[in-house]
Amino acid sequence: MSRILITSAIPYINGIKHLGNLVGSQLPADLFARYNRARGHEVMFICATDEHGTPAELAAAKAGKPVAEFCAEMHAVQAQIADGFRLSFDHFGRSSSPQNHKLTQHFAGRLKAAGLIEEVSEKQVYSNADGRFLPDRYIEGICPNCGYDKARGDQCENCTKQLDPTDLIEPRSAISGSTDLEVRETKHLYLRQSALKDELDKWIDTKTDWPVLTTSIAKKWLHDGDGLQDRGITRDLDWGVPVKDGENDWPGMEGKVFYVWFDAPIEYIAATKEWADKTGGDWERWWRTDKGADDVRYIQFMGKDNVPFHTLSFPATIKGSGEPWKLVDYIKSFNYLNYDGGQFSTSQGRGIFQDQALEILPADYWRWWLLSHAPESNDSEFTWENFQAGVNKDLADVLGNFVSRITKFCRSKFGEAVPEAGDYGSAELALIAELETRIQAYVAQMEAMEVRKAATELRAIWVAGNEYLQSAAPWSTFKEDEAKAAAQVRLGLNLVRLYAVLSAPFIPDASAKMLSAMNTLDTDWPDDVSAALSALSGGHEFAVPDVLFAKISDEDRESWQDRFAGTRD
RNA sequence: GGGCCUGUAGCUCAAUUGGUUAGAGCAGAGCGCUCAUAACGCUUUGGUUGCGGGUUCAAGUCCUGCCGGGCCUACCA
């Protein structure tokens, strides 16, 4: 048994996330957490909401609520949705927690003491009407290059030219439209990532087993142009972690907060402390290598947009602190899931949102399809036809129907108890041998976090049950040799339990239903397949379950296609 | 503009990292079965691996040039 720390990239608080967010981090992380628990490892699975920053303030203002209240409500909504998808976090924290405030300030203090913080005076655009400094992309105006009138302060979307806000003609606030803007001097803290460049570079070089997607993004940032740049870690906002030097005030930084990308990853640690404060557990044995975390394996899951922060900024924070914090061992990153030929988009309301998905179908349908199509090597594509076909075939026909046919056949010939006559013969031994090979392959893919390949192996394991039933044909055997048919059915019923155990990381609800129907609490991993297929012995009572997976009809598919064709609201 | 990823059967994806005749699932066709959610099983039709050059005994894989798709580009998070 080993200890495994798993974190999923923390979703931003601003609104309900779409399915792309789910498949890019939380869902595969949950798959891996459930798998490792099933293998008997001690797992700490952490996620949280990322609550600070300008968009949260604006969304709260739009909703007419104080930002703290807005975030608390949205956190509850996201927690409920996560629960709906059966995400098995040990703790779902909040980056606005007091624990994170304290820890973020602590790290800042350590980095300052190590000489890794620089104070920089810079000029930024201030909007008098909005009463705030504006991030570059919240300033709009006419592009000096192409004349497009909705160019943003960081880039013109029309001609893709990189811009400075001061380049814009007739600049205005994207928030209020006000043109009452001025350039003000303001002081900010920069994390001197450049001073840690060589150390980070060497560290990344040792990670030869990481996905190319992860290391190539890190390398790009390390080597592009002048190399890794220092990064501003503070903002002129009200909502966030107040800038402090550990416990002490930071002269000259009054009224400023840390930038979300400084405090958000620290929340992984703080959320574990939130968990500890709630449960009385020990968080330091997961995070402090001087307090037991040296034998922890730490794995992060995230979409590709988050890679620079996790490969560079956060490690810079950890390393720069000079304290023995646990560093990530493996970063599993994902590409994007597209929706019918374009991107899912939270801001544009395009695609299927998590709450809507749960309204129309149970979690397992989404979990199975999304995981078996996880965008690992490339961006992948959601289409309703694909979704319908995949779910109907894999879940309803292959797995669901298998459970249905064996339990119903047994009920009609032997009643609702495992028949005890007969012994397993050569056909059964052959199946056991095949399953041993396939389960080994499944385990190998799960250990390697090859999500799609693991799904393929699992499906092949389900198919093996149908193949066996077809060739054993207990409905024929029964007419000549009742004892032989009994043994065949007994094996089939044991397969249901085996499938429940193996499939639980992907489809936990169906797995629970299968176990419940088989009237067993035995969820031991089938290290010994032969023994596992004798777990339910003669006389053990069971119940024929309801249909595990109803099929998606063409009418359903078409109506959902229509409903989700446009944008939300 | 720069960097990275990518293009394989109608669709979604593989291919042990340069090694026999490029494989699966779905969809299509045929046969079988009747326990089952008209479900299952078996067989089978589909590919000049985007296009052109090159290296090599050997290229889907490496190099190069085109063409297409995607992401990132540091103040969205």
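Computed over heavy atoms, backbone and side chain alike; hydrogens, waters and symmetry mates excluded. From a predicted model like this one, the values you see are computed outputs, not experimental measurements. Per chain, numbering begins at 1; letters A, B, ... match sequence-line order.
The aromatic rings of A/Phe402 and A/Tyr499 sit tilted relative to each other, their planes meeting at an angle between 30° and 60°. Note: A/Tyr268 and A/Phe314 have perpendicular aromatic rings, judged against thresholds of 30 and 60 degrees for the angle between ring planes. A perpendicular orientation is assigned to the rings of A/Tyr365 and A/Phe549, their planes being inclined by more than 60° (bins at 30° and 60°).
Comparing B/rA38 with B/rA14, their C1' atoms are spaced 31 Å from each other, to the whole Å. For the C1' atom pair drawn from B/rG50 and B/rG69, the interatomic distance equals 11 Å after rounding to whole Å. Straight-line distance between the C1' atoms of B/rC67 and B/rG52: roughly 11 Å, to the nearest whole Å. The same atom, P, is picked in B/rC4 and in B/rC63; the two are 11 Å apart, to the nearest Å. Separation of the C1' atoms belonging to B/rU44 and B/rU6 is 32 Å when rounded to the nearest angstrom. Taking atom P in both B/rA58 and B/rU45, the straight-line distance is 30 Å, to the nearest Å. Nucleotides B/rA74 and B/rG60 are separated by 36 Å at their C1' atoms, to the nearest Å. B/rC35 and B/rC40: their C1' atoms are spaced 10 Å apart (whole Å).
Atom pair A/Lys219:NZ and B/rA74:P shows a separation of 21 Å (rounding to whole Å applied). Atom P of nucleotide B/rA77 and atom CG of A/Asp263 are separated by 11 Å, given to the nearest angstrom. Taking atom CG of A/Leu58 as the reference point, atom C1' of B/rC75 lies 14 Å away to the nearest angstrom. At whole-Å resolution of the value, CG in A/Leu222 and C1' in B/rU73 are 14 Å apart. Following rounding to the nearest Å, A/Asp554 (CG) and B/rU37 (P) show an atom-to-atom distance of 20 Å. Look at CZ on A/Phe334: it is 17 Å from P on B/rC72, rounded to the nearest Å. One atom, CD of A/Glu381, and another, P of B/rG7, lie 16 Å apart when rounded to the nearest Å. In this entry the distance linking CG of A/Asp394 with C1' of B/rA24 reads 12 Å, nearest Å.
For B/rU37, the OP1/OP2 oxygens have a side-chain nitrogen or oxygen of A/Lys408 closer than 4.0 Å. Put simply, A/Arg459 has a side-chain N or O that comes within less than 4.0 Å of OP1 or OP2 on B/rC26. Between A/Tyr259 and B/rC76 there is no side-chain polar atom (N or O) within less than 4.0 angstrom of OP1 or OP2. A close approach under 4.0 Å does not occur between any side-chain nitrogen or oxygen of A/Tyr468 and OP1 or OP2 of B/rC40. At B/rU37, none of the side-chain N or O atoms of A/Arg405 fall inside 4.0 Å of OP1 or OP2 (strictly under the cut-off). The shortest distance between the side-chain N/O atoms of A/Lys304 and the OP1/OP2 oxygens of B/rG3 is not below 4.0 Å. In terms of phosphate contacts, A/Lys220 brings no side-chain nitrogen or oxygen within less than 4.0 Å of OP1 or OP2 of B/rA74.
With B/rC75, B/rA77, B/rC26 as the candidates, the nucleotide lying closest to the side chain of A/Trp261 is B/rA77. Checking B/rA74, B/rG41, B/rC75 against the side-chain heavy atoms of A/Gln229 singles out B/rA74 as nearest. The A/Phe409 side chain lies nearest to B/rC35 when the options are B/rA27, B/rC35, B/rA77. With distances taken from any side-chain atom of A/Glu467 to the nucleotides B/rA74, B/rC42, B/rA77, the minimum falls on B/rC42. In this structure, of B/rA77, B/rA15, B/rC4, it is B/rA15 that holds the atom nearest to the side chain of A/Lys453. The side chain of A/Asn466 lies closest to B/rC40, out of B/rC76, B/rC40, B/rA39. Of the candidate nucleotides B/rC75, B/rA14, B/rC26, B/rC75 has the atom nearest to the side chain of A/Arg231.
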Worksheet item: Under a cut-off of 3.5 Å for both distances of each Watson-Crick or G-U pair, what dot-bracket string does RNA chain B give, using [ ] for crossing pairs and | for inter-strand pairs?
Response: (((((((..((((.....[...)))).(((((.......))))).....(((((..]....))))))))))))....
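Below the 3.5 angstrom threshold, one finds a donor paired with an acceptor across the side chain of A/Gln124 and the base of B/rC75. In this model, a side-chain donor or acceptor of A/Asn401 finds a partner on the base of B/rA36 within 3.5 Å.
Taking the charged nitrogens against the carboxylate oxygens, A/Glu185 and A/Lys123 do have a contact shorter than 4.0 Å, which makes a salt bridge. Here A/Asp205 pairs with A/Lys219 in a salt bridge; the nearest charged N to carboxylate O distance falls below 4.0 Å. The pair A/Arg132-A/Glu57 counts as a salt bridge, with a side-chain nitrogen and a carboxylate oxygen less than 4.0 angstrom apart. Between A/Asp397 and A/Lys551 there is a salt bridge, with a side-chain nitrogen of the basic residue lying less than 4.0 Å from a carboxylate oxygen of the acidic one.
Across all strands, A/Gln388 comes closer than 4.0 Å to no nucleic acid atom at all (heavy-atom distances). Among the heavy atoms of the strands lying under 4.0 Å from A/Val547 is at least one base atom, whether or not backbone atoms are also near. At the heavy-atom level, A/Phe402 lies nowhere under 4.0 Å from the strands shown. Backbone-only engagement by A/Val463 is indicated by non-hydrogen atom pairs under 4.0 Å involving sugar-phosphate atoms exclusively. Heavy atoms of A/His373 sit under 4.0 angstrom from primed sugar atoms or phosphate atoms, though from no base atom. Contacts of A/Lys551 with the nucleic acid, taken as non-hydrogen atoms under 4.0 Å apart, include base atoms. Among the atoms of the strands shown, base atoms are found under 4.0 Å from some heavy atom of A/Gly227.
Comparing A/Ser380 and A/Pro308 along RNA chain B, the residue whose closest nucleotide (by nearest heavy atom) sits nearer the 5' end is A/Ser380. Along RNA chain B, the nucleotide closest to A/Thr54 and the one closest to A/Asp397 are compared, and the more 5′ of them pairs with A/Asp397.
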Worksheet item: Please walk me through it: do A/Ser553 and A/Asp556 pass side-chain hydrogen bond (donor to acceptor under 3.5 Å, both in side chains)?
Response: CA-CA 5 Å; A/Ser553 68; A/Asp556 285 340; 3.2 Å; yes
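Cation-pi geometry between A/Lys17 and A/Tyr12 is not satisfied (NZ or CZ under 6.0 Å from the ring centre, within 45° of the ring normal).
Counted by atom type alone, A/Gln488 and A/Tyr468 present zero donor-acceptor pairs between their side chains at under 3.5 Å. Of the N and O atoms on the side chains of A/Asp230 and A/Ser194, at least one donor lies less than 3.5 Å from an acceptor on the other residue. The closest side-chain donor-acceptor pair between A/Trp210 and A/Thr311, if any, does not fall under 3.5 angstrom.
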Under 3.5 Å, which protein N or O atoms sit close to an N or O of nucleotides 29-33 of chain B? Give each pair with its distance.
from, atom 1, to, atom 2, distance (Å)
B/rG32, N2, A/Gln470, NE2, 3.1

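Of the options A/Met253, A/Lys256, A/Arg231, a side chain to side chain contact (heavy atoms under 4.5 Å, CB included) to A/Leu189 is made by A/Met253 and by none of the others.
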